[in-house]
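Letters A, B, ... mirror the listed sequences (proteins, then strands); counts begin at 1. Computation of the quantities below employed the complete heavy-atom set of this structure, encompassing side-chain atoms and omitting hydrogens, waters and symmetry-equivalent molecules.
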Number of protein chains: 2
Amino acid sequence: MLSLLSGALGFWQTPGMSAVRGARERARAEVTAAIKDEARRQLATEGAARLSLRAVARELGMVSSALYRYFPSRDDLLTALIVDAYDAVGEAAEQAAARAGEGTDWAGRWVEVAAAVRVWALAHPHEYGLIYGSPVPGYTAPGDTVPPAARVASVLIGIVREAHRAGAVTPPPLGDEAAPEAERLAGDLAELTGDLPPAVVAALVAAWAQLFGLISFELFGHFHRVVEDRERFFTHSLRALARSVGLPGGPAPV
Amino acid sequence: MLSLLSGALGFWQTPGMSAVRGARERARAEVTAAIKDEARRQLATEGAARLSLRAVARELGMVSSALYRYFPSRDDLLTALIVDAYDAVGEAAEQAAARAGEGTDWAGRWVEVAAAVRVWALAHPHEYGLIYGSPVPGYTAPGDTVPPAARVASVLIGIVREAHRAGAVTPPPLGDEAAPEAERLAGDLAELTGDLPPAVVAALVAAWAQLFGLISFELFGHFHRVVEDRERFFTHSLRALARSVGLPGGPAPV
DNA sequence: CGGAGGCAAGAGCAGTGCTCTCTTTGTTGA
DNA sequence: TCAACAAAGAGAGCACTGCTCTTGCCTCCG
């Protein structure tokens with residue numbers, strides 16, 4: 001079994017973890033990582049519903065009951081994978097934002113971040129389904145999924161804030177009906193959105209949901225025999241979405 | 001068992017079915033309907049992953065193996081439920097469209113149809129998840145889910161076509177990059193979209209996906225502690241979506 | 001160095017989807 | 001009308017699942 005675990009050496013998912021104390025804790029961390037790795041592998045090939053604790057244990061050369069020393073239930077293992085998935089997609093978004101640099105083509109950067117999320121989703125369909133598909137059976141998202149879940153949104157908001165600071169954002173129209181909720185939204189999310197106008201915040205939240213609507217439709221097969229050039233369609237739709245939150249940018253800049 | 005089935009009497013899900021021929025066929029139709037009803041009940045309370053053939057059979061007072069005379073596998077039963085769900089949400093949309101009448105407030109009618117879809121989804125969360133959430137395990141959507149799946153889109157498109165016929169649609173901007181795919185889309189969907197300009201068709205497809213992005217986010221809990229007045233937020237977002245496809249309408253008409 | 005606790009192993013329970021065989025029962029053609 | 005046929009239910013059984021409990025080993029810490 002140790003040979004199976006060797007690949008997971010040094011895989012600490014909680015970076016803030018204290019220094020290695022004993023061989024025991026070290027072994028525990030390695031086994032935990034190995035379980036998650038194998039579970040992720042099965043998740044990728046079989047899907048969440050067919051993820052089997054016994055199969056994971058079997059593959060790792062241990063007995064199924066031993067696995068319960070590390071994860072109290074199958075749902076807890078799934079939750080760990082969910083948190084990891086949120087982190088992975090969040091990191092993909094952050095890296096894309098870093099790659100996109102700091103120019104004034106905010107819409108372009110926005111689209112690039114979204115495209116990175118889409119690429120990650122296409123590469124990890126089952127993990128994507130785990131976090132943005134239907135929630136698993138009896139499961140209710142525990143609190144620890146909230147911070148990593150906000151990472152993608154955070155990146156997108158950051159770009160709009162930058163554009164706003166440069167005075168380049170034109171707030172979308174906001175009716176009297178929707179104004180109160182938009183104000184509330186802007187207030188509650190102030191930590192993320194700063195001084196963005198309520199109309200922009202409301203449009204951002206909608207765009208955030210709509211982004212994942214586009215990705216989900218593509219990934220879950222609803223675009224089958226409808227949209228063919230999906231990448232181009234996605235890029236186009238996201239440019240429109242960027243415009244909807246008030247970012248400047250013609251339909252197809254060079 | 002017959003007492004359990006009595007409630008399903010006259011429940012023919014295929015209206016074009018030929019006249020009742022024999023007691024045997026009649027019984028078969030009733031049992032099939034009873035199985036689907038009970039399965040739907042369990043789906044609503046337990047979720048798709050916990051839908052159990054044995055439990056359905058138990059509840060109906062029959063032995064599990066007998067159920068295989070009606071549905072060759074669990075997945076087939078699920079598929080039947082999926083088709084029914086598509087039909088149900090499609091009918092909800094169509095009824096909303098009929099209720100909305102034929103005025104010139106196309107954006108208002110559009111929003112009302114979308115709101116009906118949302119209401120249906122909130123009332124049938126697990127059925128919604130079945131069709132717009134992550135696809136079930138090994139399952140690939142069979143061809144017979146396509147026509148019912150198009151009903152919602154059909155209604156939304158119909159409203160835009162009506163507005164277009166009245167000359168009230170201003171096509172959204174369309175970049176050179178996206179133009180070819182938009183042309184292709186408009187060509188392939190010509191049967192549904194008629195003579196709508198490619199830019200409108202592309203925006204429509206995106207709006208279609210984005211609508212379900214909004215509903216999914218609300219239903220799957222991503223708006224938890226983010227959006228509070230979800231109905232108002234939804235209405236506002238959908239009005240913006242209507243504008244994005246070219247329907248006329250200020251942000252908040254009286 | 002010896003107790004305590006982390007850990008693996010194994011058996012076992014209740015449940016699952018699905019298959020097979022056997023019997024009953026409605027339908028239908030000669 | 002009655003026998004042949006086929007549809008349908010019953011029951012046993014297989015391989016699998018998540019999960020619990022008990023039993024020992026073995027490492028770490030005082």
Side-chain angles (χ1 to χ4, degrees), chain A residues 1-5 8 18-36 38-39 42-43 45-81 136-139, chain B residues 1-5 8 18-36 38-39 42-43 45-81 136-139:
Chain A
M1 170 174 136
L2 271 182
S3 66
L4 277 167
L5 298 181
S18 63
V20 186
R21 285 210 301 214
R24 201 153 214 172
E25 287 188 33
R26 186 182 198 99
R28 182 174 180 85
E30 280 176 33
V31 176
T32 306
I35 291 172
K36 287 211 294 187
E38 176 58 31
Q42 291 195 16
L43 179 66
T45 60
E46 302 286 335
R50 297 202 178 167
L51 174 71
S52 150
L53 279 190
R54 290 180 111 111
V56 169
R58 208 180 301 130
E59 208 65 29
L60 257 49
M62 56 201 298
V63 95
S64 75
S65 60
L67 219 144
Y68 285 83
R69 299 267 171 202
Y70 299 89
F71 295 94
S73 79
R74 199 193 98 119
D75 273 11
D76 288 271
L77 177 53
L78 264 181
T79 302
L81 294 184
V136 278
Y139 165 91
Chain B
M1 171 174 136
L2 270 182
S3 66
L4 277 167
L5 299 180
S18 62
V20 187
R21 285 211 301 214
R24 200 154 213 171
E25 288 188 33
R26 185 182 199 102
R28 181 171 182 87
E30 282 176 31
V31 175
T32 305
I35 291 172
K36 288 210 295 188
E38 176 59 30
Q42 291 195 16
L43 178 67
T45 60
E46 302 287 335
R50 297 201 175 166
L51 174 71
S52 151
L53 279 188
R54 290 180 111 111
V56 169
R58 209 180 301 130
E59 208 64 29
L60 258 49
M62 56 201 297
V63 95
S64 76
S65 60
L67 218 146
Y68 285 82
R69 302 269 174 203
Y70 298 89
F71 294 94
S73 80
R74 201 194 96 119
D75 273 11
D76 289 272
L77 177 53
L78 265 181
T79 302
L81 294 184
V136 279
Y139 164 90

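- The interatomic distance linking A:L77 (CG) with D:dT17 (C1') rounds to 15 Å, in whole Å.
- A sub-4.0 Å separation between OP1 or OP2 of D:dA7 and a side-chain N or O of B:R28 is absent.
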- Query: Taking protein heavy atoms under 4.0 Å as touching, what does nucleotides 16-26 of chain C look like 5' to 3' if B marks base contact, S marks sugar-phosphate-only contact and - marks none?
  - Reply: BBBBB----BB
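- Separating the CD atom of A:E46 from the P atom of D:dC16 is a distance of 13 Å, rounded to the nearest angstrom.
- The side chain to side chain contact (heavy atoms under 4.5 Å, CB included) search around A:Y68 returns A:L53, not counting sequence neighbours.
- Residues A:R74 and A:A49 come closest through the heavy atom pair NH1-O, 3.7 Å.
- Across all non-hydrogen atoms, the minimal contact from B:A57 to B:S64 is CB-CA, 3.7 Å.
- A donor and an acceptor atom, one from each side chain of B:S73 and B:D76, are located under 3.5 Å apart.
- Atom CE of A:M62 is separated from atom P of D:dG18 by 14 Å (rounded to the nearest Å).
- Between the C1' atom of D:dG9 and the CG atom of B:L60 lies a distance of 13 Å, rounded to the nearest Å.
- For D:dA8, neither phosphate oxygen OP1 nor OP2 lies less than 4.0 angstrom from any side-chain nitrogen or oxygen of B:Y70.
- Remark: the backbone N or O of B:R28 is not paired with any side-chain donor or acceptor of B:R69 at under 3.5 angstrom.
- From A:R54, atom CZ reaches atom CZ of A:R58 across 8.0 Å, with rounding to the nearest 0.5 Å.
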